[in-house]
Amino acid sequence: MGVVILLVMAAGVAAMLTRKLPTAFALVVLAVVIALVAGAPLTGRNSVLDTVLQEGASALAATMIAILLGSWLGKLLDETGIAGTLVRKIVEFGGDRPVVVALGVLAVSTLVGTVTGSAPAAMLAGIIGIPAMIAVGIPKVTAAGTILMGIAAGMPFELPVWQFFSTALELPIPTVRGFMIKLFPFALAAAVLFVLVESRRRGVEHAWSAKSLTPKPRSGRRARLGDAPWYALLTPVVPLVLALGLDVAIIPSLLAGVLYCLVTTTRPREMNKRLLRTLYGGFEVAAAPITLFIAIGILLAAVKLPGAIEALEPLVKAVSPQNAVLFVLVFTVLVPLCLYRGPLNVFGLGAGIAGVLIAAGIYPATAVLGLATSYNQVFGVADPTSTQTVWSAQYAGVTPQQVMIRTLPYVWAVALGGFCVTTATYL
């Protein structure tokens with residue numbers, strides 16, 4: 001039965017890779033089939049309808065709320081001009097010094113990456129940042145990669161990501177936060193190294209992307225508002241200070257960021273309209289990831305069924321390295337399997353594999369956290385199918401595959417660092 005479940009998983013990966021089914025739909029179908037193969041009844045305890053579909057759909061509810069709040073805050077950063085102001089100030093400071101401009105945009109991207117992820121984060125930093133970098137001679141691929149590496153450097157402090165790993169792996173927030181803090185130096189060092197190396201290896205290129213010449217039009221309201229006040233620029237830091245420094249829960253921290261942004265940028269008579277407008281916009285941005293998290297919750301419920309664990313445990317245990325050195329080597333070699341929505345992509349089948357590793361007792365949950373978060377650093381930058389990679393590449397006038405080739409060595413090194421920390425700390 002375990003072999004049959006693995007074959008079903010392989011079929012699910014194939015359906016996602018060939019785009020026969022959207023990722024979320026494929027994961028739900030996969031979960032139902034796994035439950036049936038594992039001998040789960042239709043109703044009752046550990047069943048297809050009541051456990052997998054009903055309980056699984058809401059299992060990651062806290063993560064979904066955090067994603068929505070992060071998207072809401074991201075819309076506020078856009079509408080109030082905070083993100084644009086940060087990038088413009090950096091560009092003005094950098095002048096015609098390409099590396100300084102790129103490092104400044106990298107810093108803004110990192111800050112934005114702590115608030116929200118995916119394409120919205122890339123847009124917040126990249127709409128102004130990518131044309132600015134290209135204008136001073138940064139190669140197009142490097143400009144796109146700088147945005148992505150910056151977002152990935154901020155990802156260890158993205159509060160919705162903390163909530164996701166906490167809920168999915170059943171770990172307390174402080175445990176997730178502790179590992180993320182250890183992962184951050186690797187992500188930041190790789191991002192800075194990427195800018196320093198890639199901006200110089202091909203020299204200055206005085207070229208301009210046709211797409212980059214068409215900046216996002218600003219409404220009359222935005223044009224009248226101009227730059228955001230200096231104290232409003234602290235908005236991305238507010239949730240982080242509360243959650244990291246004062247140990248405030250994630251959802252209240254994000255709500256505090258929304259409130260701070262609103263109070264520091266909006267006249268009292270306009271607050272109601274802006275709150276509703278940006279909230280509805282946040283729903284639009286959050287719809288796709290929330291759908292995916294519903295599907296991931298369903299898949300996690302399926303692979304944690306007693307029948308599935310009993311069938312998969314001997315097979316997974318047989319191929320899982322227990323020696324610390326082999327652990328690092330094997331999972332480092334397997335890094336490409338998290339690309340193209342592969343089986344180690346934590347926002348796909350990788351979540352199910354993580355659930356099996358924990359439920360079967362093959363690795364402690366903390367070690368699986370190290371694996372999943374390290375792979376996530378690779379997926380968030382180099383996967384040509386991820387929305388932030390596609391948007392950044394197309395906006396810069398290059399292909400996602402070109403960005404993958406340039407960024408993959410750097411994020412591969414980040415994953416290696418994460419695996420080393422995992423073995424040293426948790427194994």
Side-chain angles (χ1 to χ4, degrees), residues 87 94 97-110 112-113 117-119 121-123 125-127 129-155 183 186-212 332-342 344-345 374-418:
V87 177
R97 296 169 291 179
V99 175
V100 175
V101 171
L103 286 174
V105 174
L106 178 76
V108 175
S109 301
T110 301
V112 169
S118 195
M123 292 177 185
I127 283 177
I130 288 177
M133 286 187 285
I134 295 174
V136 296
I138 296 293
K140 296 177 182 179
V141 175
T142 305
T146 298
I147 297 294
L148 296 168
M149 293 295 293
I151 294 171
M155 196 183 303
L183 188 61
F186 295 100
L188 181 61
V192 173
L193 189 64
F194 173 84
V195 171
L196 296 178
V197 173
E198 296 297 327
S199 61
R200 289 174 173 169
R201 66 182 295 183
R202 296 175 60 187
V204 174
E205 295 183 1
H206 291 292
W208 199 282
S209 166
K211 289 184 179 294
S212 300
T332 300
V333 170
L334 295 179
V335 159
L337 292 182
C338 70
L339 301 175
Y340 288 99
R341 304 289 172 176
L344 294 181
N345 176 2
S374 300
Y375 282 131
N376 191 40
Q377 292 294 132
V378 179
F379 165 76
V381 175
D383 190 338
T385 67
S386 66
T387 55
Q388 63 266 34
T389 304
V390 172
W391 184 89
S392 299
Q394 291 180 344
Y395 194 69
V398 296
T399 66
Q401 288 74 20
Q402 288 176 288
V403 175
M404 177 186 71
I405 291 171
R406 286 280 187 233
T407 58
L408 185 55
Y410 298 91
V411 289
W412 207 324
V414 175
L416 173 59

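Excluded from the calculations below are hydrogen atoms, water molecules and symmetry mates; all remaining heavy atoms, backbone and side chain alike, are included. What you see is a predicted model, and the numbers here were worked out from it, not measured in a lab.
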### Message
I need the minimum non-hydrogen distance between V99 and S199, along with the two atoms involved.
### Response
CG2-OG, 3.6 Å
### Task
State, to 0.1 Å, how close I130 and A144 come at their nearest heavy-atom pair, and which atoms those are.
CD1-CA, 4.4 Å
## Note on the structure
Rounded to the nearest 0.5 angstrom, the OG1-CE distance for T146 and M133 is 4.5 Å
### Message
What I'd like to find out is whether the side chain of S374 reaches to under 4.5 Å of the side chain of L183, using heavy atoms alone.
### Response
yes
### Message
Using side-chain contact (heavy atoms from CB on, under 4.5 Å), reason through V335 and Y375 one step at a time and then give a plain yes or no.
### Response
CA-CA 7 Å; V335 159; Y375 282 131; 3.8 Å; yes
### Message
Between T407 and V141, does the side-chain contact (heavy atoms from CB on, under 4.5 Å) criterion hold? Intermediate values first, please.
### Response
CA-CA 9 Å; T407 58; V141 175; over 6 Å; no
### Summary
Distance col, row L106:CG vs L188:CG, nearest 0.5 angstrom, shows 7.5 Å
### Query
Do side-chain atoms of D383 reach the backbone of Y340 as a donor and acceptor pair under 3.5 angstrom?
yes
### Message
Tell me the closest heavy-atom pair linking A125 and V105, and the distance in Å.
### Response
O-CG1, 4.4 Å
#### Entry: Partner residues of Y410 under the ring pair (Phe, Tyr, Trp, His ring centres under 6.0 Å) criterion, sequence neighbours left out
F194
### All side-chain contact (heavy atoms from CB on, under 4.5 Å) counterparts of V411, not counting sequence neighbours
M149, V378, V381, A382, L408
### Message
Using the side chain to side chain donor-acceptor pair (under 3.5 Å) criterion, which residues pair with N345? Sequence neighbours excluded.
### Response
none
### Task
I would like to know whether K140 and I134 meet side-chain contact (heavy atoms from CB on, under 4.5 Å); could you show each step before the answer?
CA-CA 6 Å; K140 296 177 182 179; I134 295 174; 4.0 Å; yes
### Message
If the condition is side-chain contact (heavy atoms from CB on, under 4.5 Å), which residues does T332 pass it with, not counting sequence neighbours?
### Response
V328, W412, L416, F419
### Task
Spell out, as yes or no, whether a donor-acceptor pair under 3.5 Å connects the side chain of Q401 to the backbone of P384.
no
### Query
About how many Å separate CE of M404 and OG1 of T385, when rounded to the nearest 0.5 Å?
10.5 Å
### Summary
Nearest heavy-atom contact between A190 and V414 is CB-CG2, 3.4 Å
### Residues in side-chain contact (heavy atoms from CB on, under 4.5 Å) contact with A122, at least two apart in sequence or another chain
I147, I151, Q388, W391, S392
### Message
The criterion is side chain to side chain donor-acceptor pair (under 3.5 Å); which residues satisfy it with S386, sequence neighbours excluded?
### Response
T389
### Query
Do L344 and L334 come within less than 4.5 Å of each other through their side chains, counting heavy atoms only?
yes
